[in-house]
Structure formats: C-alpha cells, structure tokens
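One structure is given below, encoded as structure tokens.
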Amino acid sequence: MKVFFSTLLTLLQFALCAQISLIPYPAKFERQEGVFILRDGASIWIPHDRPDWRLAAEAFAETAALSGGIRLHIREQVGAIETAQGDLFLIEASDLQPEAYRLTLAPVNAHIEAGAASGAFYALQTLGQLFPPAFFQKTSVRGVRWAAPACFIADAPRFSWRGMHLDVGRHYFPAPFIKRYIDLLALHKFNTFHWHLTEDQGWRIEIKTFPRLQEIAACRAETLAGHYNDQPRRFDGRPYCAYYTQDEIRQIVAYANSRFIQIVPEIEMPGHSLAALAAYPELGCTGGPYAPATLWGVFEDVYCAGEERVFDFLEKTLDEVCALFPGPYIHIGGDECPKTRWKNCPKCQARMRAEGLANEEELQSYFIRRIEKILAARGKRLIGWDEILEGGLAPSATVMSWRGVEGGIAAARAGHNAVMCPGSHCYFDHYQGDPESEPLAIGGFTPLRKVYDYEPVPAELTPAQAAHILGAQGNVWTEYMPTFEQVTYMAYPRACALAEVLWSPKEAREWNRFAGMLGAHLSRLEAMQARYARSAYEPRIRFRDGALHLEVDMPDIEIRYTLDAPPPTPAPRVTSPPCL
Ligand code: TNX
C-alpha cells in the first residue's frame, strides 16, 4: 500500500512537471525519454580536493533535506567509486567556462559537467527547477520522491555581471531577510548582490573606528509617511534605528559565497552622506549641526572635499569595509552630489587652486581618484554611479549607468567597464501596473514586459566596446518599501525577467515562452514564501485615439468587463471584444 502511494505521488509530480518551467531559460534544452527520481540516500559525487564544489552540492542537499526530507550524501571521487542508481555526478570539464555547465539527466543518474564550482551550482539550480515547485518549500511533505523529466541541457551565462541591488539605508531589513533575498538571487542565477549600505537617512554598517556611526548615523528621528509629493507632508513620529554588526556582515558574506554570489558593498560619497555628517559634523563644509534625513531626496550637505579629515575618515572606514568583503569591487556611490557647499567653501576653493582644478566637477573627480588609490592599495576596484564620469573618470573605474545608457556608452568608448541599470528598465522601485491598483511607489512605470525586452548592449557600440558592458542590474531603492514583503513584491517577477536578459542567449529570449513558464515559477516563489506581484496579469486601462483600451502583456489572457453592475465573473454575460 505504501509503495503504491509513493508511486502515485511520483506519477502525480511527473504530470505536474510535464510542463517545463526554467527561468532563466537555458541555452540548449532537449527533452528525453523517462524520468529522473531523486532517491533518498543517493550520493552527490564531487571532484576531490575541491572545497567550493562541496558548497554547490551542500546547497542542493540542504534544499532537498528541507523540502522532502531527502538525505543526500556528498562524497569525493577518489579512485574507483561504487555508484548507485539515482546518484549525481559533478565533474570538472576543462572545455567549459567557469559558470557554464552540461546537465545530462537520465533515469539512472544525473551527470553534471561544469567549468568550475559555480557552473555546478547553476546546474543544480536548474535541476531544482525541473522538480515541482514544492522542491523549494522548506516544510514540504516528508517521504516525497521528486521526479524530473530526463533531458540534456547545455548552458552558459551571456553576461558576467548579473546583479540585483538593495537599498538598506532608507529601510533596513534584518540579516535573515538579506539571506532570503540572496536565496532568491541564487534561484535566478544572479551572481552579484549590490548592497547599498549608507544613505542620508541611515548608516547601516558597523565601523568600529567610528562608534558615532552606530549611535547617531544609524538613527533617524522619524520617517516620511505617504508620498513625498503629498501636501501637507506627514511624518510617523517614530525613531528608526538599525545597522548590521560586523559579525552579521561576515555571516551574510559567507552565506552569499555559498550561493556563488559576490557582494558589492556601497559606501556613498561625496553625496548622500548626511547621516555620517550628523555623527561627525567636522566632515561637512559648514560644520553642521546636521541630522540624518527624515525626508527622501537629494541634500546639499555632502563630505567637504577641501577637508583632509574627510579622506582620513573614509580611508579608515574603507579599510574595515575592504576587510569584511572579499570580493574585488567596492561601490563608492558618486551620484547626486550637489556642488552648492563646495562653491561657497574656502577650503574646497583652496583645494581647487592648489590642485589646478577648473571647476567643482573636477573637484569631485579629484575626490574619487583619491578614493580609488585608497582602494587600489587594498587590492580593490572602484565602481560608481555614472556621475563619476563628470570632471574626468578615475583611471580604472567601472561605471554603473543609471541616468539612461549614455554613461555606460561613454565609459565603454573610453575603454572602461560598465554595468547597465538605466532607470527606464532596471528600476524596480517604479510602478509595474497602474498606480490605482498598486501599493504606493516612487513613480515611473516599468512593467514586466519592458524589463524582459531590455537589451543591455547599446546598438551604437562596436564589438570591442560592447565587450566592456559587463552586464546589468536591477535596482531596488526602498524609500517606499518599509517591509521585506514589499521589497520582494517590487522585485519579483521583474527580477525573473532580468535574470533571463542576463543569462540566456539573446536569440533564445522569447516573451511568450517566458510568460508561459512564469506561472509555475511563481508557485516556486510562493514555495519560497516570497511575495510577488501579479500586476502583469492585470489589464491596464488606456485612453487612446478616442477609445478606452484594456491591455495586458501576458499572452492567452481573456479580458472580461461589464459596463454596469454586477462586476464581471468567470462566466461571461456577453462576449466582449478586447477594446471598447
Ligand atoms: C536616484 S539611482 C538615486 C537614489 C534614489 C532613486 C529613486 C541613484 C544612483 N540615486 O538615491 O533612491 O533615484 O529612484
């Protein structure tokens, strides 16, 4: 009876996974005869002497253990090995790029060849997506047997920078949420988490040399309630204080590493630094007093470029930051730095004369170059928002293009690397549906389909220049996202679309296929308890050419409407044309 029951479950699952849902879609996918079953007690064989391959296997084994209670043994391939049905083999293949893999899933075994451990990790993520969505659920049915369709997959990423950003300055999300954010990135084969750690409204990383950053800069008096444009403005009257301890940061870095994700920490300068100035007023041009901002926006008080103590403060701060984050990049912001204070500051003007700088833009460039040297001395590379181009780019800087694509184009033409995240396509703080039916957001309109159609390589670049476009990134600014649920709602499923832009070959991108696979993928997000938006399934109302249009980007959606009460039901009263 028991056997019959579990076979039935397997068959049921197979029926469910007959509809393949792989996001991002692999470069090559061939369905084959039969089913692979993940057997309790099976082994994952890893190359010996490869600790990072063990990480890839462990992440998969952990998911299998948490969802179906399946125990997988991780074993090293040394000498002749005794294998069993249902075992998984991870094999290093010298013809593959590090993140590339081949997955041969047969009824007997799973073979994964990869260029490096990261490739093996992505192969196992794909395998996870071949199982039913509940494979990703932590409290799933015990004793279940996961079944996946036999297939052959050859896969490799299109871009090397596949990023998602999160602003924790405006709103803070505790360490367990950051880990969940990382889990979601890993599911989508993102490899970069850009962690925006300091802002006007709050400094969120512990810096041991400067305790007032924790006491003062991490704390704002209250927060704007409602939208910035509301009049009169209202505030919630509640202090908002939070930061990550260095121990928490180390744990998160280790966690991201186990998911093959590099963290790029951002310490904003010279602008967006009001919270730091509140803690150490001598770092501003006027000497303060300052207070962490309670309102969103751009503030005129910035680090004083004529003040040596600023560079001393930033060097000591960056010293701790560099020690915490093992990755090659440190993001130094550089965006939205008004020059008002510098123009009226004797020290800044003296600096400009001494250094032969023609204007305040060149002073900003001087500032960034000094920081670049501080980072280089610690073996790190500087990345900044596209304003770092103004007044001359620091010699080895990478540019993050957000005010459109021009910054990325200029950087690539000058032989610099660039990461694309234009506000038009990559700002996941923008609305994704009609504002009347969405939670309050900053503004803008970036629906799912627009993200999916984004092409990171600008057409005007030559192939040699295009090689400088490392990839792209989705930005999640959290002025209007007080909770983690709100963060994932804004990020998903738009990040699913971006993942495919960044991973899948350009020619493999196809909206209808993606949209068709999204349904099962959303169940996967549900299994991971991530809130997401269904806005792409909801009709938008547009008035055009004298007519009211009901539009929806998702294919195969039937729109029903009534012109009077009662509201429409699944059973149509009248068959309606798509527009009035
Ligand atoms: C601009 S993008 C900013 C952020 C805001 C965001 C809101 C960038 C480098 N700076 O400080 O949060 O707009 O969309």
Side-chain angles (χ1 to χ4, degrees), residues 163-173 192 194-204 220 223-224 226-229 240 264-277 292-303 329-338 364 367-368 382-390 393 397-408 410-411 418-432 435 438-446 450-451 472-482 486-487 489-491 494-495 498:
M164 281 291 288
H165 149 288
L166 182 65
D167 163 19
V168 296
R170 275 58 177 265
H171 284 104
Y172 166 90
F173 310 98
T192 302
H194 172 174
W195 200 1
H196 184 85
L197 285 162
T198 72
E199 259 305 335
D200 296 305
Q201 296 81 7
W203 181 287
R204 309 267 173 245
R220 63 174 175 257
T223 303
L224 180 73
H227 199 274
Y228 183 91
N229 295 335
Y240 190 96
V264 178
E266 180 177 352
I267 306 296
E268 273 266 22
M269 63 190 80
H272 286 296
S273 49
L274 197 49
L277 298 190
T294 53
L295 198 61
W296 318 127
V298 174
F299 299 88
E300 291 192 331
D301 285 303
V302 302
Y303 290 120
Y329 290 98
I330 304 285
H331 201 300
I332 54 78
D335 60 310
E336 300 180 322
C337 177
Q364 161 140 343
F367 193 115
I368 304 294
L382 180 147
I383 179 164
W385 300 109
D386 56 47
E387 285 94 330
I388 64 170
L389 281 154
E390 293 162 8
L393 195 53
T398 300
V399 172
M400 203 167 250
S401 193
W402 73 280
R403 295 174 303 171
V405 296
E406 292 71 24
V419 174
M420 307 305 275
C421 49
S424 54
H425 294 77
C426 298
Y427 269 48
F428 298 163
D429 57 340
H430 291 177
Y431 281 106
Q432 51 195 321
E438 291 288 328
L440 181 71
I442 194 165
F445 181 56
T446 308
K450 188 166 185 192
V451 179
Q473 159 175 306
N475 291 342
V476 185
W477 300 102
T478 58
E479 287 96 329
Y480 298 93
M481 301 176 208
Q486 187 63 10
V487 164
Y489 177 90
M490 295 304 277
R494 288 186 286 194
L498 184 65

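Note that the structure is a prediction, hence the values are computed from the model and not measured. Counting convention: from 1, in listed order, for ligands and their atoms alike.
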Among Trp296, Trp477, Phe428, which one puts a heavy atom closest to atom 6 (C) of ligand 1?
Trp477
Atom 8 (C) of ligand 1 - nearest protein heavy atom and its distance
Asp335 OD2, 3.3 Å
Give a yes or no on whether the backbone of Ser273 and the side-chain of Asp200 come within a donor-acceptor separation of less than 3.5 Å.
yes
Below 4.0 Å from ligand 1: does a non-hydrogen atom of His430 turn up there or not?
no
Would you say Met400 touches ligand 1, if touching means a heavy atom closer than 4.0 Å?
no
Among all the protein's non-hydrogen atoms, which is closest to atom 11 (O) of ligand 1, and how far away is it?
Arg170 NH2, 3.0 Å
Is the gap between the ring centers of Trp402 and His194 under 6.0 Å?
no
If you count the atoms of ligand 1 from 1 in the order shown, which ones are under 4.0 Å from a heavy atom of Glu479?
5 (C), 7 (C), 12 (O)
Parallel, tilted or perpendicular: which one describes the rings of His196 and His165, with boundaries at 30° and 60°?
tilted
Trp477 pairs by side chain to side chain contact (heavy atoms under 4.5 Å, CB included) with which of Arg170, Met490, His430?
Arg170
Looking at Ile442, is its backbone amide N or carbonyl O close enough to the side chain of His227 to form a donor-acceptor pair, meaning the two atoms are under 3.5 Å apart?
yes
Can you list the atoms of ligand 1 that are under 4.0 Å from a heavy atom of Asp429?
7 (C), 14 (O)
Using heavy atoms and a threshold below 4.0 Å, how should the contact between Ile442 and ligand 1 be classified: side chain, backbone, both, or neither?
side chain
Could you check whether Arg204 pairs with Glu268 (Lys NZ or Arg NE/NH1/NH2 to Asp/Glu carboxylate O, under 4.0 Å)?
no
among protein heavy atoms, the one nearest atom 13 (O) of ligand 1 is Trp402 CZ3, 4.1 Å
Looking at Tyr427, which atoms of ligand 1 are within less than 4.0 Å of one of its heavy atoms?
2 (S), 8 (C), 14 (O)
His272 heavy atoms, cut-off 4.0 Å: which ligand 1 atoms fall inside?
11 (O)
Look at atom 3 (C) of ligand 1 and say which protein heavy atom is nearest, naming residue and atom and giving the distance to 0.1 Å.
Glu336 OE1, 3.4 Å
Met481 and its side chain to side chain contact (heavy atoms under 4.5 Å, CB included) partner, picked from Val487, Asp167, Leu440
Val487
Looking at His171 versus Tyr480, is the centre-to-centre ring distance below 6.0 Å?
no
